[in-house]
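Comments concern the structure below.
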Number of protein chains: 2
Amino acid sequence: MLNDFFNKLSKNILLTEADKVIFSQHVVVKKLRKRQYLLHEGEICKHVAFVNSGMLRSYLVDEKSNEHIIQFAPEGWFISDLYSFITEDASNLNIEAIESSELVLVSRASHIYLEKAVPEFFKFNYLQYRGAYIALQKRLTSTFTLSAEEKYINLLNIYPDIMQRVPQHMIASYLGLTAETLSRVRKKLTKKKSEHS
Amino acid sequence: MLNDFFNKLSKNILLTEADKVIFSQHVVVKKLRKRQYLLHEGEICKHVAFVNSGMLRSYLVDEKSNEHIIQFAPEGWFISDLYSFITEDASNLNIEAIESSELVLVSRASHIYLEKAVPEFFKFNYLQYRGAYIALQKRLTSTFTLSAEEKYINLLNIYPDIMQRVPQHMIASYLGLTAETLSRVRKKLTKKKSEHS
DNA sequence: ATTATTTCTTGATTTACATCAAGGTATTGA
DNA sequence: TCAATACCTTGATGTAAATCAAGAAATAAT
C-alpha cells in the first residue's frame, strides 16, 4: 500500500524500517474516483497528498470564472495547497482527481510530527520545497518570455508523459491560454510537421 | 557588520553566540556601487547574498533582448540564482545593484558547511524555500488572473516600500508589462483618484 | 551650469490572443 | 444503442497590451 510512497522518499533520503513503521502509523490511504475532490476552495487544506496512482489537478477560479490550473500531479507526485496547509487559512484552490486515484494522505499534525520523529523527512521536505521553488521560477519566466506556441512546445518537452494523459483544454488552462488558442497552435504545428517531410 | 544578517536569521531561528562566531568565519562582506553586478548570465552563481543595505535586482534577458525582472532584494532580503547555485550550471540571470549596496556573501561550500554546523540554519533555509515557493505561486496566479492595472495595484499593496525606490520601467518589467503600458495605467489611476475627491 | 543620460509620457499603429458562436467528434452512461 | 456530456475545431470579431516613434522631464556627471 505504501510502497510507492516509501520508494519516492527513498530517492532523496535514507529511510529505515523503523521510520517506515512510524510513517505507516501517521498516514492514511484514500481513493478518489475521477471528478471527486480532495479540496474545495473556501476550505482549509487538511492534507498533503502523495499520488500512488491516477492523477490530480489543483486549480483556481478567477472573477470571470475562468479556471487556471496550478499543478498536475500524476503518480509519484505530491499535491496540496501549501499556503492553506501551513497557515490554516481558507484555500483559494480546488484539488480534483482527473483520473481515479489512490492517495497517501498526511495531515498537518502528522506532517509536523513526522518531521520531528524522522529527521530525514524534514530533509526531504527541504529538498521538495527548494526544488518546487526553482521549477516554479522556470514556469514564471516561460510565461513571461514565450509565445503561446513556444510555451506549448516547451511544456511538451518538460512533461511529455503528463500532456498525453490530460485533455487539451486543461493544458491550455495550465499555460494561461484559451482552449481555442491552443487548438489553433496545434493545428499550425501539425502543418509545420507535414511540410517538413 | 553582520548584525543585520544575524537579526534576520534570528527572526525565524535561535542563534547562539557560538553559531554567530561560526558564521563570521564563513561569510564575506562585499560592497557594490550602483550598476555593479554580482552575477552575469553565463557564469555560475557562486553566492547567496544577504542585503545589508541598498537594493539589488535579478533579471533575465529574452530573445528579443527584453529584460524581465525576477526579483528585487532590498536590505533584509536574500538574492541568488538558486538553480545555478545548487547545480553549478551556468546561470541565465543577471544580478545587479540598483543602489549602492552592502552584502553578506555565503559561498556554496560555506552554505553546505553552515547547514551542517548550525542545524538551525538548515531549518532557516527550509522556511525560506517554503515561503519563497508560496510567494512565487501567488505571483504566478496574479499574472494569470489580473489585468495590467490590477497587477500594478496588487504589487503596490504587497511591496509599497520597494515600489517607491525603483524606477517605473523596472516595475513594469517585474510585472511583465512595457514601460509605456505602465505609464498609461498610472495616468488612468491618478485620474480615477482625482475624480474621487 | 550645462551637457548627457536616464526616465517618463503621449499618440498612432499593430498584433497576439481572447471572446463569441456554432458545428463536429468522441466518450460516457442509462 | 442512443442520448447526454465532454471535448475539439473553425471562423468572425473584439481588445488589451505591444511596438514604434518622438519629445519632455528629471537626474546625474563634468
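Given the structure is predicted, the values throughout are model-derived calculations rather than measurements. Chain naming here is simple, since letters A, B, ... match the order of the sequence lines and numbering starts at 1 in each.
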Throw together a table of side-chain donor-acceptor distances under 3.5 angstrom for residues 167-176 of chain B, partners on residues two or more places apart or in other chains.
from	atom 1	to	atom 2	distance (Å)
Q168(B)	OE1	R186(B)	NE	3.2
S173(B)	OG	E67(B)	O	3.0
S173(B)	OG	I69(B)	N	3.0

Query raised in the report: Using the ring of each side chain (for Trp, its six-membered ring), is F121(A) parallel, tilted or perpendicular to H111(A), with breaks at 30° and 60°?
Result: perpendicular
Query raised in the report: So, are E96(B) and R57(B) salt-bridged, with charged N and O less than 4.0 Å apart?
Result: yes
Requested in this report: In whole angstrom, give the distance that lies between atom NZ of K187(B) and atom P of dA25(D).
Outcome: 13 Å
Query raised in the report: Quick one: side-chain hydrogen bond (donor to acceptor under 3.5 Å, both in side chains) partners of S84(B), sequence neighbours excluded?
Result: none
Report task. Given ring pair (Phe, Tyr, Trp, His ring centres under 6.0 Å), test Y133(A) with Y129(B) step by step and report yes or no. Result -> CA-CA 7 Å; Y133(A) 171 68; Y129(B) 298 150; 7.2 Å; no
Report summary line: Readout for nucleotides 15-30 of chain C: B = base within 4.0 Å of protein heavy atom, S = sugar-phosphate only, - = neither; 5' to 3' it is --SSBB----------
Query raised in the report: Quick one: I98(A) CD1 to dC7(D) P, roughly how many Å, whole number?
Result: 10 Å
Query raised in the report: Has K138(B) got its NZ or CZ under 6.0 Å from the middle of the six-membered ring of Y83(A), at an angle within 45 degrees of the ring axis?
Result: yes
Requested in this report: Calculate, to the nearest 0.5 Å, the distance between atoms CD1 and OH belonging to I95(B) and Y37(B) respectively.
Outcome: 11.0 Å
Query raised in the report: For residues D62(A) and T145(B), is any side-chain donor paired with an opposing acceptor at under 3.5 Å?
Result: no
Query raised in the report: What does the inter-axis angle of the helix from dA1(C)-dT30(D) to dA22(C)-dT9(D) come out as, five pairs per end, nearest 10 degrees?
Result: 40°
Query raised in the report: Which residues in residues 159-174 of chain B have at least one heavy atom lying under 4.0 Å from any atom of DNA chain C?
Result: P167(B), Q168(B), H169(B)
Query raised in the report: Do E115(B) and N125(B) have side-chain atoms, one donor and one acceptor, less than 3.5 Å apart?
Result: yes
Report summary line: Here the distance between atom P of dT10(C) and atom NZ of K188(B), to the nearest Å, is 15 Å
Requested in this report: List for me each residue that meets salt bridge (charged side-chain N to carboxylate O under 4.0 Å, His left out) alongside K20(B), sequence neighbours excluded, and say none if there are none.
Outcome: E17(B)
**Report entry** Interatomic distance, K191(B) NZ vs dT9(C) P [rounded to whole Å]
**Finding:** 13 Å
